[in-house]
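For ligands, and for the atoms within them, numbers begin at 1 and follow the listed sequence. Bear in mind that the values here come from a model prediction, so they are computed numbers and not experimental data. Here, residue 1 is the first one in the sequence, and each next residue gets the next number.
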Amino acid sequence: MISYTTFKNARIHYSDQGEGRAIVLLHGFPLNLQVWEEFSEELSKHFRVIAIDLPGFGESESIGYFHSMELMAQCVHEVMRKLNLRRYIVAGHSMGGYAGLAFGELFPENLRGLIMFHSSSYQDSPEKKLDRDRSIENIKKRTKTFLKAATLNLFANPKDEHLKKVREIVSKNSVRGMVEATEGMKDRKDREIILRFSEYPVLFIYGKHDKILPLEKMLPQTEVPRDTETVLLKNAGHMGFYEAKEESLNAIIKFANRCFRMPVE
Ligand code: MLT
């Protein structure tokens, strides 16, 4: 079911499928909730699955001119509050995971588990921040070229059907939304400490051939949470839910069942 709500006077778009215990899916950059379509369909056979277009993406409107990870987390919290859901798992892909960790900082009592799907607790390096400025220029001035390269970079060995689909999806995003989120990612703080004090289990899923968040740089943080699991996808880049769909699904279902079986204080 496709639905809309409002957050800070902006229209927010989300999908809500399945029944029972809930998992929230947060898309990465420069994507939107449509990337989860097939994945949500499968997951909703086991759980209630809510996928949200983060502010400025897909059919969700922008809020002001800067989308911090905290703002995204507050938006997720508001959607879930309106659905009367109190305890759930947040699964964030890349930028969605940055927002997921901000959620873990602001609303830890709502989390039963956190899934960092090709994502990171580290802040941008000084070089990456410069890269972000170049990206912003390119998003504004050469949108099509930027999106062509950005989508190609997501995959280890892109299949034509995957590229075509993802390119169609990103073409629906607004320049303004992509700029606001890039500013937000550039400004985000390091959140390793949130992992360190997490009172919920954390699952990390990484692709061995990820060109955006290289595996060797990501691995140290997987040791940080008290209750931690890591799944390495041998044949994936940054898009495990396309490139290694079954493996990713199985990992999430197993993890979620474990989280939901744990007693709630
Ligand atoms: C994403 O996939 O969400 C972004 O590429 C993450 C980033 O640029 O840091």
If you measure from each non-hydrogen atom of His118 to ligand 1, which part falls under 4.0 Å: side chain, backbone, both or neither?
->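 The answer is neither; His118 stays 4.0 Å or more away.
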
Let me see the working for Asp53 and Tyr14 under side chain to side chain contact (heavy atoms under 4.5 Å, CB included), right down to the final yes or no.
-> CA-CA 6 Å; Asp53 266 342; Tyr14 64 95; over 6 Å; no

Do [X] and [Y] meet the criterion of a side-chain donor-acceptor pair at a distance under 3.5 Å?
X: Glu180; Y: Ser62; answer: yes
X: His238; Y: Ser94; answer: yes
X: Glu59; Y: Tyr4; answer: yes
X: Gln123; Y: Lys129; answer: no

Residue and atom name of the nearest protein heavy atom (relative to [atom]), distance in Å to one decimal:
atom: atom 3 (O) of ligand 1; result: Phe29 N, 2.7 Å
atom: atom 9 (O) of ligand 1; result: Tyr98 OH, 2.6 Å
atom: atom 6 (C) of ligand 1; result: Ser94 OG, 3.1 Å
atom: atom 5 (O) of ligand 1; result: Ile212 CG2, 3.6 Å

Can you find an N/O atom of Met95 closer than 3.5 Å to an N/O atom of ligand 1?
->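 By distance alone, the answer is yes.
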
With a 6.0 Å cut-off on ring centres, are His27 and Phe57 close enough?
->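 Yes; Phe57 has its ring centre under 6.0 Å from that of His27.
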
Counting each atom of ligand 1 from 1 as listed, which ones have a heavy atom of His238 under 4.0 Å away?
->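 In order of numbering, the contacting atoms are 1 (C), 2 (O).
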
Below 4.0 angstrom from a heavy atom of Gly28, which ligand 1 atoms are there? Numbered from 1 as shown, please.
->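 Per the distance check, 3 (O).
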
Work out whether the distance between some heavy atom of Arg132 and some atom of ligand 1 is less than 4.0 Å.
->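 Per 4.0 Å heavy-atom rule, Arg132 contacts ligand 1.
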
For the residue pair Phe66 and Leu71, what are the closest heavy atoms and their distance?
->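 Heavy atoms only, the tightest pair is O-CD2, 4.3 Å.
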
